[in-house]
Amino acid sequence: MKILLASSEVHPFSKTGGLADMVGALAKALAASGHDVHLVSPLYRGIVSKFPTISSANWEFNLPMADRWVQAGLRSLDLSHGLKAFFVDCPSFYDRAGIYHEHNVSYPDNASRYIFFSKCVVHLSRYMDWRPDVVHVHDWQTGLVPMLNLQQRYEGWSNPPPTCFTIHNLAYQGLFHGSLFNQLNASREFFMPDGAEFHGFLNCLKAGIAFADAITTVSPRYAREICTEEFGCGLDGVLRRRRERLFGILNGVDYQDWTTQKNPLLPHGYSVNRMAGKAANKLELQKKMGLKIDPGIPLFGTISRLAEQKGVDIQLGALSEMLSARMQFVLLGSGSPDYEKGYLDLARRFPGQMAVYIGYSEPLAHLIEAGCDFYLMPSQFEPCGLNQMYSLRYGTIPVVRATGGLDDSVVDFQQDPKSADGIKFHEYSAQALAKAIRKALALYENPTLFKRFRRSAMRADFSWDKTLEQYLRVYEIAMSAHF
Ligand code: ADP
Ligand code: GLC
């Protein structure tokens, strides 16, 4: 199948969160299984210096944005298995210090930046020699692509390709002033309550839901949740209307990147049957983060965007109670300044026992996954979540709130004592999380059971082949439903 994947971020070129990991890994997996895949994303600052073999694709184009024209060029890079990555080179939009924001303030022209990117995706699928069988777009930044595709019918393109739209997070909708609809140069009929309009605003995510031939989200449970008022973020009605085209597919993990063996980002390798390396990584982590070096103390970790979604408030509450017990905690994250301060203040109260690194670091993320005994993920909601799956592979027991993809990917003792690999709690409260941490401490005191959890965790398999089959089925549905 010829598949065009478009996303505002793709690992290893650009990343703010799991979206980049998922799209990068999906592209790789599709190409490795013999499909013909083209990827397209914006050319942000720093990409060319990191990947100097990116070359010009000798293609310049001008696209209208309301009554002005914006110019861009195309660059490309050949990757393994015939995978081709394209980059939209438009310095005025993408050559900036951040991807979506700087100093926690969103770029004021984000609507234009991603309307333009969506237009580029449609332009490429129409004018490239290579014609995609399906265009697969992700999150609000490319949510307008299915609609712009249909618009092309008015502009003389009789057979635009079918589209698949994946919702990675319903909470980010790309909601902008209604007047910005003009920048789409599209028929007004799309700006209706059953289309891109949302209470007078332009809603890019809603447009994706309304106009894509097939819609997916990143776990089966989240697919059910978002059709309810509680999790629907105002879009549950639209989602229910399109329910027969909505599919929940759990993300896969790129086990080439997230491996405990021969991983250049890990000081010590290990595997299910040779766990000494994990213990050595724990000591490295304690040393690096200024924690008391002690192989026997249970060490918990979290790596996260510090946003409300991630359950920061209940985590701070539970930790301030639980750190009086014999345990350590390490955080890697960045986000809301108040939350950053919350963690830093707490770490000051518990020196040697809690450590915080505010910032972004892939090597430290791997070391935390490898060095910790438990991984905390108390999300308010979680479409899929990748870190709990990385933790499982690294033999680090996830302690998660049973929501969305966290519930779908972790097995707890109540569900199945034989294959349990994590600890789940249900109520969204600091008390419930503290109770789950206490369960983790008790598990740590029972080496036989703890070892069994670890083995089950490391053997849990979220490789892409299973996930791929489901996407390919959805692409077929999009193709047959398309008219
Ligand atoms: P989300 O996409 O909602 O942020 P996920 O669990 O799906 O959550 O994915 C988050 C990804 O971003 C993981 O690969 C995680 O390791 C990474 N990540 C988040 N914050 C940081 C950070 N500060 N440093 C390094 N990696 C981070
Ligand atoms: C989003 C979600 C996260 C998911 C990721 C990749 O950022 O918040 O749960 O794992 O997308 O699909």
Side-chain angles (χ1 to χ4, degrees), residues 5 7-12 14-27 99-100 136-142 165-173 205 216-223 225-226 231 233 248-255 257-258 263 265 289 301-312 330-336 339-340 343 355-370 372 375-394 396 398 400-401 403-410 462 464 467 471:
L5 289 177
S7 171
S8 58
E9 49 184 281
V10 181
H11 183 71
S14 49
K15 169 166 166 179
T16 69
L19 166 65
D21 285 11
M22 187 278 191
V23 180
L26 172 64
I99 292 187
Y100 308 124
H136 185 177
V137 296
H138 300 262
D139 270 355
W140 75 262
Q141 293 86 347
T142 46
F165 176 54
T166 296
I167 302 167
H168 293 260
N169 196 331
L170 196 72
Y172 300 91
Q173 300 186 357
L205 191 94
T216 72
T217 188
V218 287
S219 68
R221 178 163 170 168
Y222 192 61
E225 286 172 347
I226 57 178
F231 289 94
C233 303
I249 304 176
L250 195 71
N251 286 334
V253 170
D254 185 336
Y255 288 126
D257 280 355
W258 291 92
N263 181 340
L265 298 179
M289 296 303 292
T302 293
I303 303 154
S304 187
R305 288 186 292 115
L306 302 181
E308 202 185 345
Q309 167 195 351
K310 300 296 178 182
V312 176
V330 56
L331 172 93
L332 164 62
S334 64
S336 141
Y339 288 151
E340 290 179 357
Y343 284 103
V356 172
Y357 180 97
I358 299 293
Y360 185 90
S361 163
E362 279 191 32
L364 185 56
H366 283 259
L367 184 61
I368 290 177
E369 289 289 8
C372 286
Y375 187 86
L376 295 180
M377 205 155 168
S379 307
Q380 225 170 51
F381 67 92
E382 196 60 72
C384 177
L386 294 171
N387 277 110
Q388 82 284 7
M389 296 200 264
Y390 301 154
S391 302
L392 289 168
R393 181 47 58 107
Y394 279 45
T396 300
V400 303
R401 182 154 175 271
T403 182
L406 296 177
D407 197 29
D408 286 339
S409 56
V410 174
F462 299 100
W464 269 95
T467 305
Y471 274 106

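Just so it is clear, the model here is predicted, and its values are computed rather than measured. In listed order, ligands and their atoms are each counted from 1. Along the sequence shown, residues are numbered consecutively beginning with 1.
The distance from ligand 2 to the heavy atoms of Gly18 drops below 4.0 Å at these ligand atoms: 5 (C), 6 (C). Of all the atoms in ligand 1, the ones that sit under 4.0 Å from a non-hydrogen atom of Asn387 are 6 (O), 10 (C), 13 (C), 15 (C), 16 (O). Proximity to Asn169 (heavy-atom distance under 4.0 Å) selects the following atoms of ligand 2: 8 (O). Atoms of ligand 2 lying under 4.0 Å from any heavy atom of Asn251, numbered from 1 in the order shown and given with element: 6 (C), 10 (O), 12 (O). Heavy-atom contacts of Val218 reach the following atoms of ligand 2: 12 (O) (cutoff under 4.0 Å). The atoms of ligand 1 that sit less than 4.0 Å from any heavy atom of Gly385 are 6 (O), 7 (O). Close approach to Tyr390 involves these atoms of ligand 1, each under 4.0 Å from a residue heavy atom: 14 (O). Interface of Gly359 with ligand 1, defined as ligand atoms under 4.0 Å from a residue heavy atom, comprises 22 (C), 23 (N).
Atom CD of Glu308 has 12 or fewer heavy atoms from other residues, nucleotides or ligands within 6.0 Å.
Side-chain atoms of Gln309 do not come within 3.5 Å of backbone N or O of Ala171 as any donor-acceptor pair. Looking at Thr396, its side chain does come within 3.5 Å of a backbone N or O of Cys372 through a donor-acceptor pair. Under the 3.5 Å distance criterion, the side-chain polar atoms of Ser379 are left unmatched by any main-chain donor or acceptor of Glu382.
Between Ala365 and ligand 1, no N or O atom pair is found at a separation short of 3.5 Å. The shortest N or O to N or O distance between Met22 and ligand 2 is not under 3.5 Å. In terms of polar-atom proximity, Gly385 is counted as a contact of ligand 2, with an N or O under 3.5 Å from an N or O of the ligand. Among the atoms of Arg305, some N or O lies under 3.5 angstrom from an N or O of ligand 1. At under 3.5 Å, a nitrogen or oxygen of Leu386, whether backbone or side chain, sits near a nitrogen or oxygen of ligand 1.
Summarising the geometry, atom CG belonging to Leu364 is positioned 7.5 Å from atom CD1 belonging to Ile303; distances are rounded to the nearest 0.5 Å. The structure places OH of Tyr343 at 9.0 Å from CD1 of Ile358, a figure rounded to the nearest 0.5 Å. In this structure, Glu369 CD and Leu332 CG are separated by 10.0 Å, a value rounded to the nearest 0.5 Å.
Classified by interplanar angle (parallel below 30°, tilted 30° to 60°, perpendicular above 60°), the ring pair His138/His168 is tilted.
Ranking protein heavy atoms by distance to atom 9 (O) of ligand 2, first place goes to Glu382 OE2, 2.5 Å. The nearest heavy-atom contact from the protein to atom 8 (O) of ligand 2 is Gln309 NE2, 3.1 Å. When hydrogens are left out, the protein atom nearest atom 18 (N) of ligand 1 is Ile303 CG2, 3.9 Å; that is the closest non-hydrogen contact. Given atom 26 (N) of ligand 1, the protein heavy atom at minimum distance is Tyr360 CE1, 3.4 Å. Protein heavy atom nearest atom 2 (C) of ligand 2, with residue, atom name and distance: His168 O, 3.2 Å.
Contact check for Leu170 versus Tyr222: side-chain heavy atoms found under the 4.5 Å cut-off. Side-chain contact between Leu392 and Pro398 is present, with heavy atoms from C-beta onward closer than 4.5 Å. Side-chain contact check for Cys384 versus Leu250: some heavy-atom pair is nearer than 4.5 Å. For the pair His11 and Asp254, the minimum side-chain heavy-atom distance is 4.5 Å or more. Contact annotation: the side chain of Asn263 approaches that of Tyr394 to within less than 4.5 Å [non-hydrogen atoms, C-beta and beyond]. Side-chain contact between His136 and Leu26 is present, with at least one heavy-atom pair separated by less than 4.5 Å. The shortest distance between side-chain heavy atoms of Asp139 and Tyr172 does not fall below 4.5 Å. Leu19 has its side chain within reach of Ser7: a pair of non-hydrogen atoms, C-beta onward, lies under 4.5 Å apart.
For atom 9 (O) of ligand 1, the choice among Gly335, Ala307, Gly18, Ser379 with the nearest heavy atom turns out to be Gly18. For atom 24 (N) of ligand 1, the candidate residues are Ser334, Gly333, Ser304, Ser361; the nearest heavy-atom contact is made by Ser361.
Counting heavy atoms under 4.0 Å from ligand 1, residue Lys310 touches it through the side chain alone. With a 4.0 Å cut-off on non-hydrogen atoms, Leu19 touches ligand 2 through its backbone and not its side chain. Neither the backbone nor the side chain of Met22 comes within 4.0 Å of ligand 1, counting heavy atoms alone. Within the 4.0 Å heavy-atom criterion, neither part of Cys384 lies near ligand 1. Contacts between Pro383 and ligand 1 below 4.0 angstrom, taking non-hydrogen atoms only, are absent altogether. Under 4.0 angstrom from ligand 1, the non-hydrogen atoms of Asp21 all belong to its side chain.
The shortest heavy-atom distance from Glu369 to ligand 1 is not under 4.0 Å. Heavy atoms of Lys15 come nearer than 4.0 angstrom to ligand 1 in at least one pair. Note on ligand 1: Tyr357 sits outside its first shell, no heavy atom being nearer than 4.0 Å.
For the pairing with Tyr390, the ring-ring contact (aromatic ring centres under 6.0 Å, His included) check across Tyr375, Phe462, Trp258 returns one residue only, Trp258.
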